[in-house]
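Working notes, structure below.
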There are 2 protein chains.
Amino acid sequence: MVTARRGDLFDPACPTRRLLDRVGGKWVAMIVKVLAEAAPQELGFAELRRRVPGISHKMLSQTLQSLTADGLAARRVEDCVPPRVFYRLTPLGLSLDAPLAALRDWAERHMPDIDDFARERAAP
Amino acid sequence: MVTARRGDLFDPACPTRRLLDRVGGKWVAMIVKVLAEAAPQELGFAELRRRVPGISHKMLSQTLQSLTADGLAARRVEDCVPPRVFYRLTPLGLSLDAPLAALRDWAERHMPDIDDFARERAAP
DNA sequence: CAGGATCCATTGTGATACTG
DNA sequence: CAGTATCACAATGGATCCTG
């Protein structure tokens, strides 16, 4: 992730760099996708966990927290005995899903090309 | 960066995850942008270094190497006394610039919103 | 149940120096 | 000039335990 240390002196805090620092993490893109697909329905923490296979309790909590802190997701606590918490994307978060979808689309289309290239250059 | 350890068992090697592992690095996006803007002109190593302020010799070399290994960039060595090396995006690399441009566009439009949100929630 | 704290392994990044 | 090896440091991500 990293923000900037010494070189963005010229372009202090390039917006794209800052965005990638937020969405380049291991889980952000998938969580945004899942929440976007569920929208306008909100999803409970446990439900999210089920829809993001392999994510740890900690990383889900942590990622949702950063999304919430950035105003990309909204958090709602249901005040019952085993407390339940629900998340949904904000309009801002939903708007981010568009460019992410473009990336997903490219990935599905062209990652095979990258793999092919790697295989060819490995072949003697 | 990381590729997958234990959870992508269900979605082994999600293409989007793998793509982000490649372009989420600190310099990839900017280098692709610079090369895309220069295309179809190729750029020398030193010229690239000038156009990516703050990047270290090592990181530029390393990043270009991974782009080349993925078939996103092409490398040409000019065989003169002080050897010069030129880089350009391949068609595949150029095609990747489109979704990245979408991300850049979103970043320029909406990162201020994220900043505003952070400022508001900081205000008592 | 959700979330926070702690500890640890791994990786990414950077400075530097050396090679062709 | 471009590339690479080495070393050091910061940042991620994951496992586990503890709390309201």
Side-chain angles (χ1 to χ4, degrees), chain A residues 1-10 14 17-18 20-31 35 42-69 73-88, chain B residues 1-9 14 17-18 20-31 35 42-70 73-88:
Chain A
M1 286 296 181
V2 172
T3 45
R5 178 169 309 281
R6 196 238 91 194
D8 296 315
L9 297 174
F10 308 87
C14 160
R17 181 68 257 124
R18 296 181 57 219
L20 282 170
D21 282 345
R22 287 152 200 266
V23 303
K26 194 169 179 181
W27 302 106
V28 181
M30 187 172 300
I31 292 176
L35 285 174
E42 55 184 9
L43 293 178
F45 187 91
E47 179 60 27
L48 265 167
R49 201 166 175 198
R50 241 168 289 131
R51 300 204 192 186
V52 183
I55 195 170
S56 69
H57 189 135
K58 170 192 169 186
M59 287 313 293
L60 180 55
S61 182
Q62 193 171 299
T63 306
L64 287 169
Q65 200 175 328
S66 81
L67 288 176
T68 304
R75 197 183 110 114
R76 183 177 69 82
V77 181
E78 195 166 272
D79 199 18
C80 51
V81 180
R84 302 202 41 172
V85 186
F86 296 87
Y87 294 89
R88 63 179 175 80
Chain B
M1 286 293 172
V2 172
T3 45
R5 180 171 305 283
R6 194 237 94 194
D8 297 315
L9 297 174
C14 159
R17 179 68 257 124
R18 296 180 58 218
L20 283 170
D21 282 345
R22 286 152 200 266
V23 302
K26 193 168 178 179
W27 303 106
V28 182
M30 187 172 301
I31 292 176
L35 285 174
E42 56 185 9
L43 293 178
F45 186 91
E47 180 59 27
L48 265 167
R49 200 166 174 199
R50 242 168 289 130
R51 300 203 193 188
V52 183
I55 193 169
S56 69
H57 188 135
K58 170 192 167 184
M59 286 313 294
L60 180 56
S61 182
Q62 192 170 301
T63 306
L64 286 168
Q65 198 176 322
S66 80
L67 288 176
T68 304
D70 286 338
R75 199 182 110 115
R76 183 175 69 81
V77 180
E78 195 164 273
D79 201 18
C80 50
V81 180
R84 302 202 39 172
V85 186
F86 297 86
Y87 294 89
R88 63 176 175 81

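No hydrogens, no waters, no symmetry mates; every other heavy atom, side chains included, goes into these values. By convention in this document, chain letters (A, B, ...) are assigned in the order of the sequence lines, proteins followed by strands, and residues within each chain are numbered from 1.
- Which of D:dT4, C:dA2, C:dT13 sits closest to the side chain of B:M59 comes down to C:dT13.
- A:Y87 comes within 4.0 angstrom of sugar-phosphate atoms only, judged by non-hydrogen atoms across all strands, and of no base.
- If you run side-chain contact (heavy atoms from CB on, under 4.5 Å) between A:R75 and each of A:V85, A:L64, A:L67, only A:V85 comes through.
- Counting any heavy atom pair closer than 4.0 Å across all strands shown, A:S61 reaches sugar-phosphate atoms only and no base atom.
- Summarising the geometry, the separation between CZ on B:R49 and P on C:dG14 is reported as 11 Å, rounded to the nearest angstrom.
- Nearest heavy atom pair, residue A:T63 against residue A:M59, reads OG1-O, 2.7 Å.
- Counting non-hydrogen atoms of neighbouring residues, nucleotides and ligands closer than 6.0 angstrom, the CZ atom of A:R84 reaches no more than 12 such neighbours.
- Rounded to an integer number of Å, the gap from CD of B:E78 to C1' of D:dC1 is 12 Å.
- Counting non-hydrogen atoms under 4.0 angstrom, A:Q62 reaches nothing in the nucleic acid.
- Put simply, CD1 on B:I55 is 15 Å from P on C:dG12, counting in whole angstrom units.
- Protein atom CZ of B:R76 is 17 Å distant from nucleotide atom P of D:dC1, rounded to whole Å.
- Each of C:dG3, D:dG3, D:dT4 was ranked by its minimum atom distance to the side chain of B:Q65; first place goes to D:dT4.
- As a whole-Å value, the separation of A:L43 CG from C:dC1 P is 17 Å.
- Note: NE2 (A:H57) to C1' (D:dG14) measures 13 Å, nearest angstrom.
- The nearest whole Å value for the distance from the CZ atom in B:F45 to the C1' atom in D:dT4 is 11 Å.
- Closest to the side chain of A:K58, out of D:dA2, C:dG3, C:dA5, is C:dA5.
- Contact annotation: side chain of A:K26 to base of D:dG13, donor-acceptor pair absent below 3.5 Å.
- Taking each heavy atom of B:P53 and B:M30 in turn, the nearest pair found is CD-SD, 4.4 Å.
- Checked against D:dG14, D:dC1, C:dA2, the side chain of A:R75 finds its nearest nucleotide in C:dA2.
- Although no hydrogens or angles enter the test, the distance criterion places no donor-acceptor pair under 3.5 Å between the side chain of B:R76 and the main chain of B:Y87.
- Here the side chain of A:P82 is nearest to one of C:dC1, C:dA2, D:dA2, namely C:dC1.
- The nearest whole Å value for the distance from the CZ atom in A:R17 to the P atom in D:dA11 is 14 Å.
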